[in-house]
Amino acid sequence: MRNEQSEPSVRTDVETENLDVLSSTQNVILEALQKLGYDEQMYQLLKDPLRVLMVRFPVRMDDGSVRVYTGYRAQHNNAVGPTKGGIRLHPNVDEDEIKALSIWMSVKCGIANLPYGGGKGGIVCDPREMSFAEIERLSRAYVRAISQIVGPTKDIPAPDVFSNSQNMAWMLDEYSHLRQFDSPGFITGKPLVLGGSKGRESSTARGVAICIEQAAAVKKLDLAGSKVIVQGFGNAGSYLAKFMFDSGAKVVGISDAYGALYDEKGLDIDDLLERRDSFGTVTKLFKNTISNKQLLESECDILVPAAVENQITQENAARIKASIIVEAANGPTTTAATKILHDKGVLLVPDVLGNSGGVIVSYFEWVQNNQGLYWTEDEVNRKLAEILKRSFKTVYATANRFKVDMRLAAYIVGVRHMAEAARWRGWV
Ligand code: GLU
């Protein structure tokens, strides 16, 4: 059981740069709609979620005291189908971040052609400082607070930063108690015995690995022996490091929230995986660490940011050595940095494509729950690869056709379905 993503502590603040994830997302949505020939009304519809619920709920702590936590659930757009997206448990969660994340989910589902709109949830808390029992009470209380607006045909949650299959199991149990019927399709990323899908836990990383293969083919880079840096050692980062290590690439750098390890001869990923904790922390066990910031600028061919937002900014973008960047985290690269990297000839696979393996297999999980018939891992992986290869090719072709960077191309592909669905419904 792994948490969906881990986080480094470094946040690079550059005064002149827009680090506000919501407004920068809105700018890309606007540009994408303009390229597609939509007018201002469509932008007004898609620039913000249709619904955002803020909840406050008390949780009894182990020492008998009560703490009141704040949570959110944003539903960006349900023109295509029910909304879908993870729940993050993190001290930096705020309303704008959750709104932006819900928009990214819509775009992600649009690129993969899933019958969903985007949703996202978050609880302001630090699960690293809470006991197992406290996290259980918190997870259950959050579900009670948002239960009216979620459900298998309304809005389907999943894991995100610092949440995992155990949180999903508690949330499913709470929901089933409330509704008084078995409802495995209410949430995805569940343990296998509760209706989870084979291959879901490693799906985000598997998707990133497929994008790396596709990007390497475009760049004519031989993956065997290539140098890979993975920032973040949570669910996505740790599985990805393992996949790359096993495939013969050299994983020269990894990091967690507290620091980074770099060795140009390659790190022993199996050993690091054995020693990480459930939040992906491992560097504390080593003396010769460098910072996350240094890691990003270290020598490599492929860089995978698999942690949190705003890690590659206009301040450090020019110093990035990689020729391929695949975003496993949501929002690790700012708009200004995206432009610098694009001009430098770096092939950047944006989050909405790079990490979409997670939601794609979540969709498979929901389909299996709905039909009550479960697939083999091979079947899941084959279908995932099919969708991701097609998605990559479409986004890459769109970037060439419109002569834009891969992020804008991904948004052009991703918003199209939503906009078309909204038009058919007569909303705009
Ligand atoms: N939290 C993941 C994401 O950001 C997965 C969402 C899902 O599976 O619904 O894509």
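Both counts, for ligands and for their atoms, begin at 1 and track the order of listing.
- Heavy-atom separations between K120 and ligand 1 include at least one value shorter than 4.0 Å.
- The distance from ligand 1 to the heavy atoms of M105 drops below 4.0 Å at these ligand atoms: 3 (C), 4 (O), 6 (C), 10 (O).
- Look at K383 and E379 and you find a salt bridge, because one of the NZ, NE, NH1 or NH2 atoms lies within 4.0 Å of a carboxylate O, short of that distance.
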Output side-chain donor-acceptor pairs under 3.5 Å for residues 143-152, partner residues at least two apart or in another chain, one line each.
| from | atom 1 | to | atom 2 | distance (Å) |
| --- | --- | --- | --- | --- |
| R144 | NH1 | E174 | OE2 | 3.0 |
| S147 | OG | R144 | O | 3.4 |

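- Taking the six-membered ring for Trp and thresholds of 30 and 60 degrees, W366 and Y363 have ring planes inclined between 30 and 60 degrees apart.
- Counting heavy atoms under 4.0 Å from ligand 1, residue N330 touches it through the side chain alone.
- Checking F132, Y142, Y175 one by one against W170, the ring-ring contact (aromatic ring centres under 6.0 Å, His included) holds for a single residue, F132.
- Using a 4.0 Å heavy-atom cutoff, R200 is listed among the residues neighbouring ligand 1.
- Two residues are said to be in side-chain contact when any heavy atoms from C-beta on lie closer than 4.5 Å; F392 and V218 meet this criterion.
- Those atoms of ligand 1 that come under 4.0 Å of a heavy atom in G358, given as number and element, are 8 (O).
- Among the atoms of S362, some N or O lies under 3.5 angstrom from an N or O of ligand 1.
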What side-chain donor-acceptor pairs closer than 3.5 Å can you find for residues 113-125, not counting sequence neighbours?
| from | atom 1 | to | atom 2 | distance (Å) |
| --- | --- | --- | --- | --- |
| N113 | OD1 | H417 | NE2 | 3.2 |
| K120 | NZ | D160 | OD1 | 2.8 |

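- Put simply, part of P159 is less than 4.0 Å from ligand 1, judged by heavy atoms.
- Listed by number with element, the atoms of ligand 1 under 4.0 Å from a non-hydrogen atom of K108 are 3 (C), 4 (O), 10 (O).
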